[in-house]
Amino acid sequence: MASEGILLGMGNPLLDISAVVDEEFLQKYDLKPNNAILAEDKHLPMYDEMSSKYNVEYIAGGATQNSIRVAQWMLQVPGATSYMGSIGKDKYGEEMKKNSKLAGVNVHYYEDETAPTGTCAVCVVGGERSLIANLSAANCYKFEHLKKPENWALVEKAKYIYIAGFFLTVSPDSIQLVAEHAAANNKVFSMNLSAPFICEFFKDAQEKALPYVDYVFGNETEARTFSKVRGWETDDVEQIALKISQWPKASGTHKRITVITQGADPVVVAEDGKVKKFPVDKLPKEKLVDTNGAGDAFVGGFLSQLVQEKAIEDCVKAGNYAANVVIQRSGCTYPEKPDFN
């Protein structure tokens, strides 16, 4: 059984504004399917346009928060997970708090007075999603919030810590402090490559954190960008996963394991200089609703078994199960109880 507070996540809490749109809408705002970007000025009108033109759903999101919610759902132990990030003092922020408490996650948000709660436009076309994040308050997380005794207590209590790469754009200092704490206390620290732009434009921050990371998650596009940016001259996901797993480590307590998902293709796991592949259950096309949150759900499922010290096969199986559930629903949502053994 997972104990209370065993898993901690830190990241950018965003309210997902999700809708099925058309190709024309993607072209109008210069969006690519299956991509994640930060909103620029040209994207700002799209949030209102989506709300007025399409059938929109609001779901508490943000990559790390999604993974933590899914892990919490899989564990079914109240308060097994906790989460920190920054929201605004507004109705979206209240919605987020309500959502997270219902999910059973112990949230300690920093509430920013100056910026609205961050949002993420989720544009779904043909089941593929394009994400445009307007960080707003999520971008205002303060290192000082982490150091407050009631918040640092969550770090002390956790034995497993997970942070998506997106948080590198907001508070690398917070990541470093938590990473060093994990290394010094034999805790398991995991991160996600998260998006091609993180691998490209936040390369230095990523490399500073990497020696502390015991589990690196990512998808095939992110892995290939990671390789390209470093001049590795290989597109082979298995080779890239191996090279990431062999990156130098700051602590010798845990080896590094790289886990790369490839949509419907097998999950690649690199550890101890070897690669294993795990097949994914194929979902008939007509059952696919949208891929938003699939990668986050995979990580959540994986972590739910990792914190119970299960074998890597079981972790991957749980990751695939959670992702399979989520892609058959709109947004990163799930039924009341998991049906996983």
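Few gaps surround NZ on K187; more than 12 heavy atoms of other groups in view lie less than 6.0 Å from it. The number of heavy atoms from other shown groups lying within 6.0 Å of NZ (K42) is above 12. Other residues, nucleotides and ligands contribute at most 12 non-hydrogen atoms within 6.0 Å of the CD atom of E336. The local environment of NZ in K249 is crowded, with over 12 non-hydrogen atoms from other residues, nucleotides or ligands closer than 6.0 Å. A 6.0 Å sphere centred on CD of E309 holds no more than 12 heavy atoms belonging to other residues, nucleotides or ligands. Summarising the local packing, NZ of K142 is surrounded by more than 12 heavy atoms from other residues, nucleotides or ligands at distances under 6.0 Å.
Looking only at distances, no side-chain donor or acceptor of S82 sits under 3.5 Å from a matching main-chain atom of G79. No side-chain donor-acceptor contact under 3.5 Å links S171 to the backbone of F143. Panel note: side chain S51, backbone Y47; a donor-acceptor pair is recorded below 3.5 Å. Checking side-chain atoms of S136 against main-chain N and O of A115 turns up no donor-acceptor pair under 3.5 Å. Judged by distance alone, the side chain of Q308 and the main-chain N or O of S304 form a donor-acceptor pair under 3.5 Å. Without hydrogens or angle criteria, S18 side chain to E57 main chain gives no donor-acceptor distance under 3.5 Å. One N or O on the side chain of Q65 and one on the backbone of G61 form a donor-acceptor pair closer than 3.5 Å. Looking at R69, its side chain never comes within 3.5 Å of a backbone N or O of G300 through a donor-acceptor pair. Distance alone, capped at 3.5 Å, is enough to place a donor-acceptor pair between the S67 side chain and the D296 backbone.
With salt bridges taken as basic N to acidic carboxylate O contacts below 4.0 Å, one links E111 and K97. Between K157 and E4 there is a salt bridge, since at least one side-chain N of the basic residue sits less than 4.0 Å from a carboxylate O of the acidic one. Salt bridge status for E233 with K228: absent, with no side-chain N to carboxylate O gap under 4.0 Å. Under a 4.0 Å N-O distance rule, the pair K98/E95 qualifies as a salt bridge.
Considering NZ of K53 and CG of D48, their distance stands at 13.0 Å, rounded to 0.5 Å. How far CE of M10 is from CE of M191: 10.0 Å, rounded to the nearest 0.5 Å. Rounding to the nearest 0.5 Å gives a distance of 10.0 Å between OG of S251 and CZ of R256. Separation of atoms CD (E150) and NZ (K148) is listed at 6.0 Å; rounding is to 0.5 Å. Here the NZ-CG distance, from K32 to L131, works out to 13.5 Å after rounding to the nearest 0.5 Å. Rounding to the nearest 0.5 angstrom, the gap separating the CG atom in L146 from the CG atom in D173 is 10.0 Å.
Side-chain contact check for E200 versus T225: some heavy-atom pair is nearer than 4.5 Å. Here the side chains of I312 and V269 are in contact, with some heavy-atom distance below 4.5 Å. Counting only heavy atoms from C-beta outward, the side chains of N106 and T81 never approach each other to under 4.5 Å. Looking only at side-chain heavy atoms (C-beta outward), V56 and I17 come within less than 4.5 Å of each other. Considering only heavy atoms from C-beta on, M84 comes within 4.5 Å of L154 through its side chain. By the 4.5 Å heavy-atom criterion applied to side chains, V267 and F298 are counted as neighbours. A 4.5 Å side-chain heavy-atom check between L38 and L135 finds at least one atom pair inside the cut-off. A 4.5 Å side-chain heavy-atom check between L193 and V216 finds at least one atom pair inside the cut-off.
Residue I198 comes nearest to Q206 through the heavy atom pair CG2-NE2, 4.0 Å, listed as atom of the first residue, atom of the second, then distance. What you find for A241 and I260 is that their closest heavy atoms are CB-CG1, 4.1 Å. When all heavy atoms of T234 and I240 are compared, the closest pair comes out as O-CD1, 3.5 Å. The shortest heavy-atom contact between D265 and V280 is O-CG2, 3.4 Å. Heavy atoms only, all atoms of each residue included: Q262 and P266 are closest at NE2-O, 2.8 Å. When every heavy atom of C120 is checked against every heavy atom of L14, the shortest pair comes out as CB-CD1, 3.9 Å.
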Take E94 and K89 through the test salt bridge (charged side-chain N to carboxylate O under 4.0 Å, His left out) and record every step on the way to the result.
-> CA-CA 7 Å; E94 287 308 314; K89 285 200 155 181; over 6 Å; no
Are S100 and Y109 close enough, and set up right, to give a side-chain hydrogen bond (donor to acceptor under 3.5 Å, both in side chains), and what steps lead you there?
-> CA-CA 11 Å; S100 310; Y109 292 124; 2.8 Å; yes
Can you list the steps and then say if L31 with I37 is a side chain to side chain contact (heavy atoms under 4.5 Å, CB included)?
-> CA-CA 9 Å; L31 306 172; I37 59 170; 4.1 Å; yes
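With 3.5 Å as the limit, one finds a donor-acceptor pair spanning the side chains of N219 and E222. Side-chain atoms of T114 and D112 form a donor-acceptor pair, as typed in the model, at a separation below 3.5 Å. S130 and N35 are not linked by any side-chain donor-acceptor pair at a separation below 3.5 angstrom, with hydrogens and angles left out of the test. Between the side chains of S245 and E271, no donor-acceptor pair is found at a separation under 3.5 Å.
Among residues at least two apart or in separate chains, ring pair (Phe, Tyr, Trp, His ring centres under 6.0 Å) pairs with a member in residues 23-45 are F25-Y29, F25-Y54.
By the 4.5 Å side-chain criterion applied to Ile, Leu, Val, Met, Phe, Trp and Tyr, M74 is assigned to a cluster that also includes V70, W73, Y321, V325, Y334, F340.
Centroid-to-centroid, the aromatic rings of F189 and Y215 stay 6.0 Å apart or farther.
Both cation-pi conditions hold for R230 and F226: the charged atom is under 6.0 angstrom from the six-membered ring centre and inside a 45 degree cone around its axis.
Between F202 and F197, the ring-plane angle classifies as perpendicular under the 30° and 60° cut-offs. Using the six-membered ring where Trp is involved, H181 and W152 have ring planes that are perpendicular, over 60° apart on the 30 and 60° scheme. Ring geometry for W232 against W247 counts as tilted: the plane angle lies between 30° and 60°, on a 0 to 90° scale.
Each of Y83, Y162, Y141 was scored for a ring-ring contact (aromatic ring centres under 6.0 Å, His included) with F167, with one residue passing: Y141.
In this structure, the side-chain contact (heavy atoms from CB on, under 4.5 Å) partners of A158, at least two apart in sequence or on a different chain, are L8, I161.
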